[in-house]
Amino acid sequence: MPERNAFAATLRDRIAQQLRDQILSGVLPNNSKIGIDELAEQFGSSRTPVREALIELSHQGLVEIVPRRGATVTGMSVDTVRDNFNVFGGLSGLAAEWTTMRANDETIARLRGIVDEAGPDMSAEALIENNWRLHREINRNCGSDRLIALIGQLSSTMPASYFTLIPEQVQISLREHADLVNAIARGDAAGARFLAEHHLRQAGEQMVQRIESAARDTAAS
């Protein structure tokens, strides 16, 4: 999943992250209104970090700021969400392949350690952090600063709270992580690339189904 820390450092970042996840997951559908005062009250903050968060999201094309009226979600179509996951999967697969060709015993030990720490009884927050650490470790060992930068740029289109939104994917994801690390450990570069790509593409399909389900529920209410 995303190559970024799931735990933002500032209040502005936390607000932006929560809104981004809600938009990318369909919890906040297109054309939803976002009130600055309501968000400020929710986070117990002034209006300033809320405005800064909305400006950040507007630069990413997720919201449109309306003067004196807050913001409106512009969001992403399900096709765009699917494309983002597929492209992210392609880049992650390439990183997994290159890491496999470069991996030494120390790298493999770190990857196995991260996988061994994870379990279905972990909190969603801990699972998100574990997921981020594993993918970061694979990506940063690929040997290409350019590839790492591209993955980092695209990560902003990935919902950080994936396991909270789709908890039924936890067991599947843990198994796929173990399979991916096993492929890297045995030097199967092509297999590692396939598994990483499949991992993200399947996650994207689950997210698309989540968005479409949320849209149906909204239309029926």
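Every value quoted in this text rests on a predicted model; they were computed, and no experiment measured them.
- Listed by first then second residue, pairs satisfying salt bridge (charged side-chain N to carboxylate O under 4.0 Å, His left out) with a partner in residues 91-105 read Glu97-Arg193, not counting sequence neighbours.
- Here Glu106 pairs with Arg110 under the salt bridge (Lys or Arg N to Asp or Glu O under 4.0 Å) rule; sequence neighbours left out.
- Judged as a side chain to side chain donor-acceptor pair (under 3.5 Å), and not counting sequence neighbours, Asp145 has no contacts.
- The salt bridge (Lys or Arg N to Asp or Glu O under 4.0 Å) check on Arg112 picks up nothing, with sequence neighbours excluded.
- Scanning for side chain to side chain contact (heavy atoms under 4.5 Å, CB included) contacts around Asn30 gives Val73, with sequence neighbours left out.
- Partners of Asn84 by side chain to side chain donor-acceptor pair (under 3.5 Å), not counting sequence neighbours: none found.
- The shortest side-chain heavy-atom distance between Ile114 and Glu137 falls under the 4.5 Å cut-off.
- None of Leu200, Ile148, Leu147 except one satisfies the side-chain contact (heavy atoms from CB on, under 4.5 Å) rule with Leu91; the exception is Leu147.
- The hydrophobic cluster containing Ile108, built from Ile/Leu/Val/Met/Phe/Trp/Tyr side-chain heavy atoms closer than 4.5 Å, comprises no other residue.
- Among residue pairs with one or both ends in residues 80-95, those qualifying as salt bridge (charged side-chain N to carboxylate O under 4.0 Å, His left out) are Asp79-Arg82, Arg82-Glu205; sequence neighbours excluded.
- Residues passing the side chain to side chain donor-acceptor pair (under 3.5 Å) test with Ser77, sequence neighbours excluded: Thr80.
- Applying the salt bridge (Lys or Arg N to Asp or Glu O under 4.0 Å) rule to Asp188 yields the partners Arg186; only residues at least two apart in sequence or on another chain are considered.
- A salt bridge (charged side-chain N to carboxylate O under 4.0 Å, His left out) check over residues 42-52, counting only residues at least two apart or in different chains, returns the pairs Asp37-Arg47.
- Residues passing the salt bridge (Lys or Arg N to Asp or Glu O under 4.0 Å) test with Glu38: none are found, sequence neighbours excluded.
- Between Tyr162 and Phe85, the angle of the ring planes lies from 30° to 60°, which puts this pair in the tilted group.
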